[in-house]
There are 2 protein chains.
Amino acid sequence: MRPRPVTLGDVAREAGVSRSTASEALSGRGRMTESTRLAVRDTAVRLGYRPNALAQSLRTGRTGAIALHHQHAADSFSSQYFREFVAGAMDVTSARDHDLTLLASDPTTPRATLPRVDGVIIADPIADDVRALELLTSGIPVVAGERYPPGMPTSPVVGVHHEQALRDVLDHVHGLGVRRPALVGPDAHSGWGVVLRETVDDWSAERGLVTAHRTIAFASGFTTSHEDLVGELLDAEPGVDLLLVPSEAVALGAIAALRARSSEPGRDVLVVSCADAQMLGLTDPPVTAIDLGPRALGAACARALLSVVEDDAELPPLTLIPATLSLRASTELRASTAGGASTELPGSTEPRRSADLRRDAVRA
Amino acid sequence: MRPRPVTLGDVAREAGVSRSTASEALSGRGRMTESTRLAVRDTAVRLGYRPNALAQSLRTGRTGAIALHHQHAADSFSSQYFREFVAGAMDVTSARDHDLTLLASDPTTPRATLPRVDGVIIADPIADDVRALELLTSGIPVVAGERYPPGMPTSPVVGVHHEQALRDVLDHVHGLGVRRPALVGPDAHSGWGVVLRETVDDWSAERGLVTAHRTIAFASGFTTSHEDLVGELLDAEPGVDLLLVPSEAVALGAIAALRARSSEPGRDVLVVSCADAQMLGLTDPPVTAIDLGPRALGAACARALLSVVEDDAELPPLTLIPATLSLRASTELRASTAGGASTELPGSTEPRRSADLRRDAVRA
DNA sequence: TTGAAAGCGCTAACAA
DNA sequence: TTGTTAGCGCTTTCAA
C-alpha cells in the first residue's frame, strides 16, 4: 500500500490559493506577488509535492521523451550494432534532457496504442514489421535509422552512405586485381540489402564486370549453413575473387569455406564485410570491413528527431552520414603478390589500417 | 501541421454511441450486443483510431513501462558494463511487453517531476546523485542494481555476490603464495567499493595478513595517473605481491607500473581486476578478472521490479546473484614458478580459463 | 444493454 | 494579482 501522492490540489488547498495560482507559482509563469509565490513554493516543498508528468504531458501535449523502435530489439540487443546505436541516441537525448524509451517490439502482435513520446526513431526498418507500420501511421514524427525497404510507408531517413564506402572498397580491391566480385547480401527486407546490391551491380556494370549474388536472411546466427552457402557459391562460380559478406558470422563462414577448398582468404580470394565488428580484427586473417558507425548514426537520428519535435524543423527525405573503412589482412595479403597495385585509397572515406587494431580493442 | 489525432469521442460519435460504450466495446469489457461491439470496432478501424496511452495511463495509473536511471548514463553509456546491463533489462521488459525508459540523468540538476513509469531501476547508485534521491523519495517502486553506498536512502537491492567471487580469487592466489595483497579500490561513493574493501579486509584478517589500500575515484578514464597511483603504492609497500584493481584502465596502469620497476606482472606480482572487460583478455599479460555478469544483473533487476509493479510482490532487501571468474595469465604465470600450488578453485563460482578467451572474443 | 457524469492531475483562457 | 472554468483523452461507477 503506497501512500497517495501529493497533488497540485493539495498544495493549493494547503497554501490557501487556487490550483491555477499554485501551478503558475511553481512553474514561474504568470505575474504575482513574490510573497504568494514563495508561500506556494514553500508548502510544495513541505508537502513533498512532485508534479505528475503524465498529467502534465496530457495537458501540454509534450512529453520530453522520444522512443526507439527496433524490430529485433529483444534478441538482437545483443548485437554490437544496436547497442552502439542506442548509445549514440542516448548521448544526444541525455544532453538535451530528454528520456529515451526503448519500445517493446514484438514484431507479430500489434500494440495499437500510440506511445507516450514526442517522436520515434525506427532503427533499421524491416518490411512486414507490424509495430513499425503502426508507428508510421500513427501521426507522430518518425525518423528512420537506415533506409526503408521497398513497399513500406516512409518517413525522413538518416542513413549511412553505403554507396560511397562500398565503392571505395571496391575500387581498392579492383586495384589489387579483383575482377569477379560476389555479394552474399542481406535480402530485400532491409533497405541496406537493397542499397548494397544496387551499388555493387552498378559498380560492376560500369567496368563491364559481372557480380555473382547470393541472398541470406538478415541477422541469422552462427550456423554452418553460412559456410555451406558460401561454399555452394564458390563451387558454382569458380572465378570469384572477392567475397562481400554482410556480417562477421558470414565472414567466418566464408573463411572456412575458402580454406576447405584450399583457397587462401586474403590472397586467392579477398573477403570484405559490409559491417564491421570488433571480432573481425581478431579472426585469421583479420577481415577488412566497412565500419558503419552505429553510434554516430544513433546520435544523428536523435538529433534529427529532436529538431522536428522541438523546433518544428522540416527534414529532408534522406540524410547520409559517412562510413569508414577498416582495411585488414583479408584484402592486404594480396597486395604483395598481386604486384603493381596501389594501396592508396581514393574517395573521401578515411581508411584505417591494421595498425589501429590494438587501439580498437582498447577503446572497446 | 500534423492532423488532430482521432479520439475515442470521434469514434463514439461516428458509431452513434456514447464514449463509455465505445471504450468498453474496444477493450472487450462490459456486456453488450455483438452488433454494437462490432460496429464500434469497425468504425474505430475505419477512422484509424489509436488510444492515447498518456490518457489511458493517467486514468488507470499504469503505464506499462519501467525506467532505468544511471548516474553517468550520458558519458558512461560507453561503458561495456552499462550497455550489458541495459541489454539484460531489455531482455526481460521486452519479453513482458513493457517499454524501458532510459532516464536523462544530469546528476546536478533536479528534475522534480516523477517519471511516467510504473517503477525505476537505479543502476549502480552513487552517493550525492540528486536524481537518484528524487526517485527514492518519489514513492514509486525502486529496485537498485548493486548495493547503496552508506548514507543514502535505500530500496530493495539486486546485486552481485562480490564477496564470494573475491574470496574465491583470493583463496586461489593464496594457494599461489600471495601473502601481501593490495587493493586499489573505488571510493565509498559506490556500494561496490565498500563491499570490496570489507571483503578483502575480512579475508586478510582471517589469515593474519594485512592489506594495503589505495582509493581511486570511480570511473575515471585512461590516465597516466593510474600508473602513478599504483607506482606510489608499490614504492611505499615493497612487499605487495597482489594488486586488486577496479577496472581495465587501472589494470593497465598496474602493468605499466610493475614493468617500470622491473617486476613482471603475473609472476612477481599478480594482478586481478574486480570487473571483467573484453580487453583484459587482450592485454600482455591477459588479466584475471571477476566477470560481474552485468547482463544477468540487468535482467534480474527488471524481473524483480516487474514482480512488484505487476504482482505486488514484496522484495527482500538484498538479492545476490553470482559472479564468475575468468582466470588469465596475470595470476597463472606464477603457477609454474611457485610450485605446489593448486589451480583448482574452491567455492561455487565457475572458473573459466584462458582457453575460453577466443570464444569470448567471438561472442562479443 | 447503454448513457450520463465524474474525475485522473494538470494547464491555460478568461474574468474578476 | 488571483480565482473560476474548461478541458487534455480516457475509464469507471452508477442510473436508466
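When reading the values below, keep in mind they use all heavy atoms of this one structure, side chains included, and skip hydrogens, waters and symmetry mates. Here is how names work: the chains are called A, B, and so on, in the same order as the sequence lines, proteins then strands, and each is numbered from 1. None of the values given here were measured: they were computed from a predicted structure.
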Working note: Arg50(B) + Thr137(A), criterion side-chain hydrogen bond (donor to acceptor under 3.5 Å, both in side chains); need CA distance, chi angles, decisive distance, verdict. CA-CA 10 Å; Arg50(B) 317 293 275 274; Thr137(A) 55; 3.3 Å; yes
To the side chain of Ser18(A), which of dG3(C), dT4(D), dC8(D) is closest? dT4(D)
Below 4.0 angstrom from OP1 or OP2 of dG3(C), is there any side-chain N or O of Thr21(B)? yes
Under 4.0 angstrom between Thr33(A) side-chain N/O and dT2(D) OP1 or OP2: yes
Could you tell me whether Ser57(B) contacts a base, only the sugar-phosphate backbone, or nothing, with contacts defined as non-hydrogen atoms closer than 4.0 Å? nothing
Quick check on dA12(C): is either OP1 or OP2 less than 4.0 Å from any side-chain nitrogen or oxygen of Ser23(A)? no
Can you tell me the distance, in whole Å, between the CD atom of Glu34(A) and the P atom of dT1(D)? 11 Å
DNA chain C nearest-nucleotide lookup for Thr60(B) and Thr60(A): closer to the 5′ end is Thr60(B)
Arg4(B) atom CZ is separated from dC8(D) atom P, nearest whole Å, by 9 Å
Residues His98(B) and Asp118(B): side-chain donor-acceptor under 3.5 angstrom: no
Atom-pair distance (CG on Leu54(A); P on dT11(C)), nearest Å: 13 Å
Atom CG of Leu47(B) and atom P of dG9(D) are separated, to the nearest Å, by 15 Å
What nucleotide, of dT2(D), dC8(C), dT11(C), holds the atom closest to the side chain of Arg59(B)? dC8(C)
If we count only N and O atoms by modelled type, under 3.5 Å, do the side chains of Tyr148(A) and Ser155(A) hold a donor and an acceptor together? yes
Of all the heavy-atom pairs spanning Pro150(B) and Ala188(B), show the shortest one and how long it is. CD-O, 3.8 Å
For Arg50(A) and dC8(C), give me the distance from atom CZ to atom P, rounded to whole Å. 21 Å
In this structure, how many angstroms lie between the C1' atom of dT11(C) and the CG atom of Leu58(B), rounded? 13 Å
Is the shortest side-chain N/O distance from Thr36(A) to OP1 or OP2 of dT2(D) below 4.0 Å? yes
Euclidean distance, atom CG of residue Leu26(B) to atom C1' of dT12(D) [Å, nearest integer]: 15 Å
Under 3.5 Å side-chain donor-acceptor pair for Ser57(B) and Arg116(A): yes
Whole angstroms only, please: what is the CZ-P distance between Arg37(A) and dT2(D)? 10 Å
Should the side chain of Ser20(B) and the base of dA4(C) be counted as holding a donor-acceptor pair, with the cut-off at 3.5 Å? yes
So, OP1 or OP2 of dG9(C): does either fall under 4.0 Å of a side-chain N or O from Gln56(A)? no
